[in-house]
Asker: 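The structure follows.
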Amino acid sequence: MPLPIGAYVVEIRTGRVARVMGHEGPYVQIRPLGGGREWDVTPEEVREATSAERLSAATAHANARSRGEVP
């Protein structure tokens, strides 16, 4: 079963937390939290993020924004 659009996932190779934006052919299109450029991965390259991973990634993004590192 494909990951639903909006699901939080972790790219296994890099450990990056992202959101599922869509599906194109055999690929899952994901985008980093806070926005940015989408990239394609195969379903085998991602897994669902845990609640702790989602919270950690959201906190890191909020902290970077408060320091002016992210627009």
Side-chain angles (χ1 to χ4, degrees):
M1 181 167 86
L3 293 162
I5 293 174
Y8 290 89
V9 295
V10 174
E11 184 182 21
I12 296 168
R13 182 177 54 84
T14 64
R16 288 177 74 182
V17 178
R19 290 190 73 182
V20 174
M21 303 307 292
H23 303 277
E24 186 66 38
Y27 297 101
V28 178
Q29 297 172 318
I30 59 176
R31 177 176 289 165
L33 294 186
R37 189 174 202 157
E38 291 180 10
W39 70 98
D40 295 339
V41 295
T42 63
E44 295 79 27
E45 294 175 297
V46 292
R47 62 172 176 77
E48 286 192 62
T50 65
S51 296
E53 288 168 327
R54 288 173 46 187
L55 180 60
S56 178
T59 301
H61 178 71
N63 287 341
R65 285 190 67 188
S66 71
R67 291 188 301 267
E69 298 172 5
V70 179

Asker: Do side-chain atoms of His61 reach the backbone of Gly35 as a donor and acceptor pair under 3.5 angstrom?
Answerer: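 Not at all, since once roles are kept as given, no pair shorter than 3.5 Å links the two residues.
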Asker: Please report the closest heavy-atom contact between Val20 and Pro4, naming both atoms and the distance.
Answerer: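 It is CB-O, 3.5 Å.
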Asker: Would one find more than 12 heavy atoms of other residues, nucleotides or ligands at under 6.0 Å from atom CD of Glu48?
Answerer: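 It does not: Glu48 CD has 12 such atoms or fewer within range.
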Asker: Set out, in order, the CA-CA distance, both residues' side-chain angles and the distance that settles side-chain contact (heavy atoms from CB on, under 4.5 Å) for Val41 and Glu11, then state yes or no.
Answerer: CA-CA 8 Å; Val41 295; Glu11 184 182 21; 3.7 Å; yes
Asker: Nearest heavy-atom pair of Leu33 and Ala57: which atoms, and what distance?
Answerer: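 So the two residues come closest at CD1-CB, 3.4 Å.
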Asker: Please report the interatomic distance NE2(His23) to CG(Leu3), rounded to the nearest 0.5 Å.
Answerer: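 Going from NE2 on His23 over to CG on Leu3, the span is 6.5 Å.
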Asker: Go through the steps to decide whether Thr42 and Tyr27 satisfy the test side-chain contact (heavy atoms from CB on, under 4.5 Å), and finish with yes or no.
Answerer: CA-CA 5 Å; Thr42 63; Tyr27 297 101; 3.9 Å; yes
Asker: Report the C-alpha distance between Arg19 and Arg31 in whole Å, list the side-chain angles of each, state the deciding distance to 0.1 Å, and finish with yes or no for side-chain contact (heavy atoms from CB on, under 4.5 Å).
Answerer: CA-CA 5 Å; Arg19 290 190 73 182; Arg31 177 176 289 165; 5.6 Å; no
Asker: How long is the straight-line distance from CD of Gln29 back to CE of Met21, given to the nearest 0.5 Å?
Answerer: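 Met21 atom CE to Gln29 atom CD measures 9.0 Å (nearest 0.5 Å).
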Asker: Going by heavy atoms in the side chains, are Ser51 and Tyr8 under 4.5 Å from each other?
Answerer: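 They are not in side-chain contact.
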Asker: Is there a donor-acceptor pair closer than 3.5 Å between any side-chain N or O of Thr59 and the backbone N or O of Leu55?
Answerer: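 Judged by distance alone, yes, a pair lies under 3.5 Å.
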Asker: Got a second to check how far Arg47's CZ is from Glu53's CD, nearest 0.5 Å?
Answerer: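 One gets 4.0 Å once the value is rounded to the nearest 0.5 Å.
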Asker: I'd like to know if Val46 and Val10 are part of one continuous hydrophobic network [Ile/Leu/Val/Met/Phe/Trp/Tyr, side-chain heavy atoms within less than 4.5 Å].
Answerer: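 No: no chain of side-chain contacts under 4.5 Å links Val10 to Val46.
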